[in-house]
Amino acid sequence: WCLFEIMCSFNAHVEFEVRMPTHQQAEFVAQLCCDPTSVLKALLDVKTQDSQAEHEMDRSNIFRAVKDSIGFHRLNSLVNDQMREWFLQQAMRKVAQIEQIGSKQGLSESESSVLARLCDNLGLTMSRHFGRHDEALGYLKKALAAQKQLLGDNHLALSQTYSNLAGAYESKGDYVTALEYFQKALCLQETFGEEPLMIAKTQSNMSAALNSLGRYTEALELSRKAVATFEAQDDDVATSGAYHNLASVYDCKNELDEALRYYGKAFKIREAKLGMQHPSTLMTSNNMAVILRRLERYREAREMYDRLLLARRKVFGEDHPEIAQTYNNIGAVLKSLKDFDGALTQYQKALELCQKLLGETHTHTTKVLFNIACVFDDKNDYAQALEKHEKVLQIRRQALGECDLDTAFSYLHTATLLLRSDNTKGQMYLEKALQIRQRILGEGHPDTREAAQFLKVAQFIKTTKLDAIPSTLATVTSHLNMAQQQQDMDEVAAAAHSFEQGLEMFTQALADHPFCTSLFVEWGDALECRGEYPRALQCYNAALNSDQATITSCETPILTFQTSAEMSEAAPTTIFIVRKVMNVLRFADLGRLRAIVSRYATPTVHASAASSPITFVTCGHKALSQGWVWLALANFQVITSWGLDVSMLATACFGIAQSYRSLNQPCNAAKSFQRGLKMLVAALGAPDLSIMLCIEWGDALQLRRQFVDALQCYEQAVLVQQLAPSETEFTVACIYSRMASVLKLGHCLCAA
């Protein structure tokens, strides 16, 4: 009957309050000071579906009333929210009472100690269990001030509060400040000889902060230290936490096999010691399933998700968002296995739960509906896919508004389907997606460029008269976009398959259209930036293949030119793409690059000399003088790939530097000058270097705004002149003029 009254209170929107007998309040405060987590757990361990009644009929009727109205999941959530708020109010009220006493008559040492512990535990609880990080930081800083007043600035007891402050800042996303407090805690622990387990715990927490900052080497070092300590102390549960943190670092480094190995170790311990239904075990098993998906070990991922689903059902019951999320994940695995019907079944279960528990407009609900649309698209059920995508778009427009990234995402994906039948509406949706992303992300963001690329496709469809273009272009663009998404998720094999499909379709259907050239060049640029050189070459070759007037071979297109004279007569677009091909070959296939550069070296070079380093140097300088900077750069870079004497390598470095200066890339020019000069200094000694070489290197460093290094170069030039005075006074004056310029830029006006 208490359950019935609570249900009626919520249904009628009547105020619901929690009360505690006066004689229990002192014990409650004492527990808050020593173990607030257990108090909170006891308060929140409320499952209204476990309620009992004297008469079974009463119980059945009340349960039926709850199910027909608010539902047990919603009722439990409301009760827990009320209990959580009451817990906080009681703790905050007690802190305020002690502070009020202190402001009137001061606090005794014991009262100050109670205030410090209460504020410390309250701050920790607010951050860890309530997500109210700013308020938590306020209480933790009060605790720290009270502790310092009692104990001084250098006491081991402060280390726990420092760790709690670090945790609050970390949860807030301020990893730099979190790291500072972790370091303070660790310093005190090591100074006062804290127990090894406590030190290891701090090291493990520090590694998580370093991991979030991208400082993976330091994070790995600390994680390994923590693991070694926990293993030596034979504390299995603590060791499992360290394993989990170490796995997280490997996960962020994309070392998935190592991540899986340590997640597996953590899972084995946690399942044995804590049980499958413990929150820590559930978290680790979920992470393992995610890694298995990324490794494309889908069947193992499915098995792990099945175990996770069984455990979550026992913990949460059937009606819970976590259950819906697990159904969604199983659907994703089945989709990857091409079991589209099975995926739809799982996604439908997830959708029904999300609609029931979270509502039609919740983010999770729309994401599941979007996944269903994608499965229909994979099944080539165009009508169903379009219907679902348009429904997602409608919900997001109503719930989130027009200026939202999720809305833009739906505009984009709905448009890709519309391009197959209604290009006008598809183009309108693409324009809206592009406008939203430009406004929120800016012009240069990859997502903005993606929308611009789709819009370019739509505009091409509108102007062309070929009937086969709409479905082909939309499908091709969809394949290539899918390949990019799969690559981002490290689904390498799937990404390669999608890429090959899109490329093959595009080449077959549209190879004779100029539009293809620019489209393939842009895809090649994106792949080159990501270090995917073989696929970048495929795109550039396809772009060359689309220019029927100049080139026909798609296998090794650049080699179809027999001489540099023949290449110089090619179309500017072709030369532009050839330059990109040669740049990629520097990383992908140096042997092929050497062969190409030898072919174009010069018509007068004898065949036997074409592979000589001297030939490449000569041709590099000749290409540079003729304005073919990219060909000069390729010549000089080929030389550096051989194991030659120092003077030849240095000459190549200086040639590369000159090429980069011609391309207005001072940073790269300075690096090459520096590399060549260091080689010569090591081989010949400073006095034998050319003054002009030192001046050129200084000029490059000055452009790079490395004023100290530039000044050293000019000083080196002066030293060379003093040791071997062969240069004119004009040259020396130029050196001092440059030194003055550098000093002025560096705000050293008197020295200038």
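Everything quoted here is computed from the prediction, not taken from an experiment.
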(message) If you take the centroid of each ring, where Trp contributes its six-membered ring, are His244 and Tyr262 closer together than 6.0 Å?
(response)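 Aromatic pair excluded; centres sit 6.0 Å or further apart.
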(request) Verify the ring-centre separation between Tyr169 and Tyr181: is it less than 6.0 angstrom? (result)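 They qualify: ring centres under 6.0 Å apart.
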Using 0.5 Å steps for rounding, measure from the [atom1] atom of [X] to the [atom2] atom of [Y].
{"X": "Ser285", "Y": "Phe267", "atom1": "OG", "atom2": "CZ", "value": "5.5 Å"}
{"X": "Met206", "Y": "Tyr175", "atom1": "CE", "atom2": "OH", "value": "15.5 Å"}
{"X": "Arg19", "Y": "Gln24", "atom1": "CZ", "atom2": "CD", "value": "14.0 Å"}
{"X": "Asn80", "Y": "Thr48", "atom1": "CG", "atom2": "OG1", "value": "9.0 Å"}
{"X": "Asn254", "Y": "Arg294", "atom1": "CG", "atom2": "CZ", "value": "5.5 Å"}
{"X": "Ser223", "Y": "Tyr250", "atom1": "OG", "atom2": "OH", "value": "8.5 Å"}

Are the side chains of [Y] and [X] in contact, using a 4.5 Å heavy-atom criterion?
{"X": "Cys403", "Y": "Arg439", "value": "yes"}
{"X": "Leu260", "Y": "Asp251", "value": "no"}
{"X": "Glu303", "Y": "Asp306", "value": "no"}
{"X": "Ile436", "Y": "Asp404", "value": "no"}
{"X": "Asp134", "Y": "Lys172", "value": "yes"}
{"X": "Leu3", "Y": "Leu75", "value": "yes"}
{"X": "Leu210", "Y": "Leu222", "value": "yes"}
{"X": "Met92", "Y": "Met126", "value": "yes"}

(message) Among Arg312, His320, Arg313, exactly one meets side-chain hydrogen bond (donor to acceptor under 3.5 Å, both in side chains) together with Thr326. Which residue is that?
(response)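 With Thr326 as partner, Arg312, His320, Arg313 yield a single side-chain hydrogen bond (donor to acceptor under 3.5 Å, both in side chains), made by Arg312.
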Assess whether atom [atom1] of [X] is packed by more than 12 heavy atoms of other residues, nucleotides or ligands within 6.0 Å.
{"X": "Lys225", "atom1": "NZ", "value": "no"}
{"X": "Phe4", "atom1": "CZ", "value": "no"}
{"X": "Gln97", "atom1": "CD", "value": "yes"}
{"X": "Lys201", "atom1": "NZ", "value": "no"}

Are the side chain of [X] and the backbone N or O of [Y] linked by a donor-acceptor pair below 3.5 Å?
{"X": "Ser9", "Y": "Glu5", "answer": "yes"}
{"X": "Thr365", "Y": "Gly359", "answer": "yes"}
{"X": "Thr177", "Y": "Asp174", "answer": "no"}
{"X": "Ser207", "Y": "Ser204", "answer": "yes"}
{"X": "Ser113", "Y": "Glu109", "answer": "no"}
{"X": "Gln52", "Y": "Asp50", "answer": "yes"}
{"X": "Glu111", "Y": "Ser108", "answer": "yes"}
{"X": "Thr284", "Y": "Ser280", "answer": "yes"}
{"X": "Thr448", "Y": "Gly442", "answer": "yes"}
{"X": "Asp406", "Y": "Arg396", "answer": "no"}

Indicate the atoms forming the closest heavy-atom contact of [X] with [Y], along with that distance.
{"X": "Tyr216", "Y": "Val249", "answer": "O-CG1, 4.0 Å"}
{"X": "Met304", "Y": "Ala289", "answer": "CG-CB, 3.8 Å"}
{"X": "Gly123", "Y": "Leu140", "answer": "CA-CG, 3.9 Å"}
{"X": "Ser127", "Y": "Gly167", "answer": "OG-O, 4.4 Å"}
{"X": "Glu170", "Y": "Ala209", "answer": "OE2-N, 3.5 Å"}
{"X": "Gly317", "Y": "Ile323", "answer": "O-CG1, 3.3 Å"}

(message) Let's go through Ser163 and Thr202 carefully: what are the C-alpha distance in whole Å and the side-chain angles of both, what is the deciding distance for side-chain contact (heavy atoms from CB on, under 4.5 Å) to 0.1 Å, and is it a yes or a no?
(response) CA-CA 7 Å; Ser163 291; Thr202 304; 4.2 Å; yes
(message) For Glu99, is there an ion pair with Lys142 - N to carboxylate O distance below 4.0 angstrom?
(response)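 A salt bridge links Lys142 with Glu99.
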(message) Determine whether Arg132 and Glu85 satisfy the following criterion, salt bridge (charged side-chain N to carboxylate O under 4.0 Å, His left out), listing intermediate values before the conclusion.
(response) CA-CA 12 Å; Arg132 293 161 66 166; Glu85 188 59 33; 3.5 Å; yes
(request) Begin from the C-alpha positions of Gln49 and Asn76 and carry the test side chain to side chain donor-acceptor pair (under 3.5 Å) through to its verdict. (result) CA-CA 9 Å; Gln49 63 268 33; Asn76 286 336; 2.8 Å; yes
(request) Please report the C-alpha distance between Gln277 and Leu282 in whole Å, then the side-chain angles of each, then the deciding distance to 0.1 Å, and finally whether the side-chain contact (heavy atoms from CB on, under 4.5 Å) criterion is met. (result) CA-CA 6 Å; Gln277 299 168 32; Leu282 294 175; 5.7 Å; no
(request) Could you walk me through whether Asn371 and Asn328 pass the side chain to side chain donor-acceptor pair (under 3.5 Å) test, one step at a time? (result) CA-CA 8 Å; Asn371 291 340; Asn328 183 73; 2.9 Å; yes
(message) With side chain to side chain donor-acceptor pair (under 3.5 Å) as the criterion, how do Thr161 and Gln147 come out once you've worked through the C-alpha distance, each side chain's angles and the decisive distance to 0.1 Å?
(response) CA-CA 9 Å; Thr161 305; Gln147 286 176 329; 2.7 Å; yes
(message) salt bridge (charged side-chain N to carboxylate O under 4.0 Å, His left out), that's the test. Do Arg261 and Asp257 meet it? Break it down for me.
(response) CA-CA 6 Å; Arg261 185 162 76 91; Asp257 289 323; over 6 Å; no
(message) Set out, in order, the CA-CA distance, both residues' side-chain angles and the distance that settles side-chain contact (heavy atoms from CB on, under 4.5 Å) for His155 and Leu188, then state yes or no.
(response) CA-CA 7 Å; His155 194 281; Leu188 285 175; over 6 Å; no
(message) Working note: Tyr263 + Met283, criterion side-chain contact (heavy atoms from CB on, under 4.5 Å); need CA distance, chi angles, decisive distance, verdict.
(response) CA-CA 10 Å; Tyr263 277 137; Met283 178 174 61; over 6 Å; no
(request) Applying side chain to side chain donor-acceptor pair (under 3.5 Å), run through Gln149 and Ser112 and close with a yes or a no. (result) CA-CA 9 Å; Gln149 189 174 0; Ser112 295; 5.7 Å; no
